[in-house]
Amino acid sequence: MNKILSNYDEILKQIRSCRDKLNGKYCEPELIAVSKKFPKEIIQILVNKGHRTFGENKVQEAQSKWVDLKKENPEKNIELHLVGPLQSNKANLALEIFDVIQTVDREKIALKLNKYLEEKTDINKKKFFIQVNIGGEKQKSGIEESLAEQFFQWCSNDLNLKIIGLMCIPPLDQPPEPFFIKIRNLCDRLNLEHASMGMTNDFKSAISYGATFIRVGTGIFGKRD
Ligand SMILES: *Cc1c(COP(=O)(O)O)cnc(C)c1O
């Protein structure tokens, strides 16, 4: 238990030190604690500590933990991000559970999300990222880089999705820096404030290339089964 809090403090310290080198070039990087595969009791330790931004990669797993966690911590103002792929038959459920969906990557899912949002009243509260398949990898989700701009315009203008940034997972077998640079450049070109990039192994580098949301799991909670 103490291990998690000391890991957390260490990560925060490293984030601050990377940020200080940037001289305010980008907005403050925010830590998403990715709690997938860890139970409620463990997550609660970080909630008690005052951390409020969390990530999960599966809708059903998130439902089994976060409906209760949010209910039990109403004053904590928790913001939950979906960082894993979304199937269109789970779009409605995802909107019930998550505050931010980072993996909008195709027309079908955007249309579904938009339709459900229009049926609800809290339309402006939900925020979205477009996931870009920045390494052009066959097995990875995310929209193709060359289609990202057009897709972003369509989501924002033709639909009503409040897109606040781009998200990527660079190829595992290559240095991530060129991909971080590409995503940041694309964000700047589209006038998007937020880039969600960088995980336990590369978040420091991601911050130095303009990440504003980093997604750290192992570095806080330890190894997953
Ligand atoms: C699991 C996961 C993370 C966290 O990865 P770690 O290497 O454990 O920090 C970040 N982003 C996504 C999309 C993930 O699925």
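These numbers come from the heavy atoms of this one structure, side chains and all, not from hydrogens, waters or symmetry mates. This structure is a prediction, so every number in the text was calculated from the model and none was measured. Both ligands and their constituent atoms are indexed starting at 1 by order of listing.
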Exercise. Do Asp9 and Lys13 pass the salt bridge (charged side-chain N to carboxylate O under 4.0 Å, His left out) test, and can you show the C-alpha distance, the side-chain angles, and the key distance before you say yes or no?
Worked result: CA-CA 6 Å; Asp9 283 340; Lys13 210 186 326 167; over 6 Å; no
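- A salt bridge is defined here as a Lys NZ or Arg NE, NH1 or NH2 lying under 4.0 Å from an Asp or Glu carboxylate O, and Asp105 with Lys140 fails to meet this definition.
- With contacts defined as side-chain heavy-atom distances shorter than 4.5 Å, the pair Leu46/Phe38 does not qualify.
- The stretch residues 197-222 participates, sequence neighbours left out, in no salt bridge (charged side-chain N to carboxylate O under 4.0 Å, His left out) pair at all.
- Within the structure, ring-ring contact (aromatic ring centres under 6.0 Å, His included) contacts touching residues 67-108 (residues at least two apart or in different chains) are His81-Phe213.
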What does the N/O contact table under 3.5 Å look like for ligand 1?
| residue | atom | partner | partner atom | Å |
| --- | --- | --- | --- | --- |
| ligand 1 | 8 (O) | Thr218 | N | 2.8 |
| ligand 1 | 8 (O) | Thr218 | OG1 | 2.5 |
| ligand 1 | 8 (O) | Arg224 | NH1 | 2.8 |
| ligand 1 | 8 (O) | Arg224 | NH2 | 3.1 |
| ligand 1 | 9 (O) | Thr200 | N | 3.1 |
| ligand 1 | 9 (O) | Thr200 | OG1 | 2.4 |
| ligand 1 | 9 (O) | Gly217 | N | 2.8 |
| ligand 1 | 11 (N) | Arg215 | NE | 2.9 |
| ligand 1 | 15 (O) | Lys36 | NZ | 2.7 |

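- Qualifying ring pair (Phe, Tyr, Trp, His ring centres under 6.0 Å) partners for Tyr116, counting only residues two or more places apart in sequence or in other chains: none.
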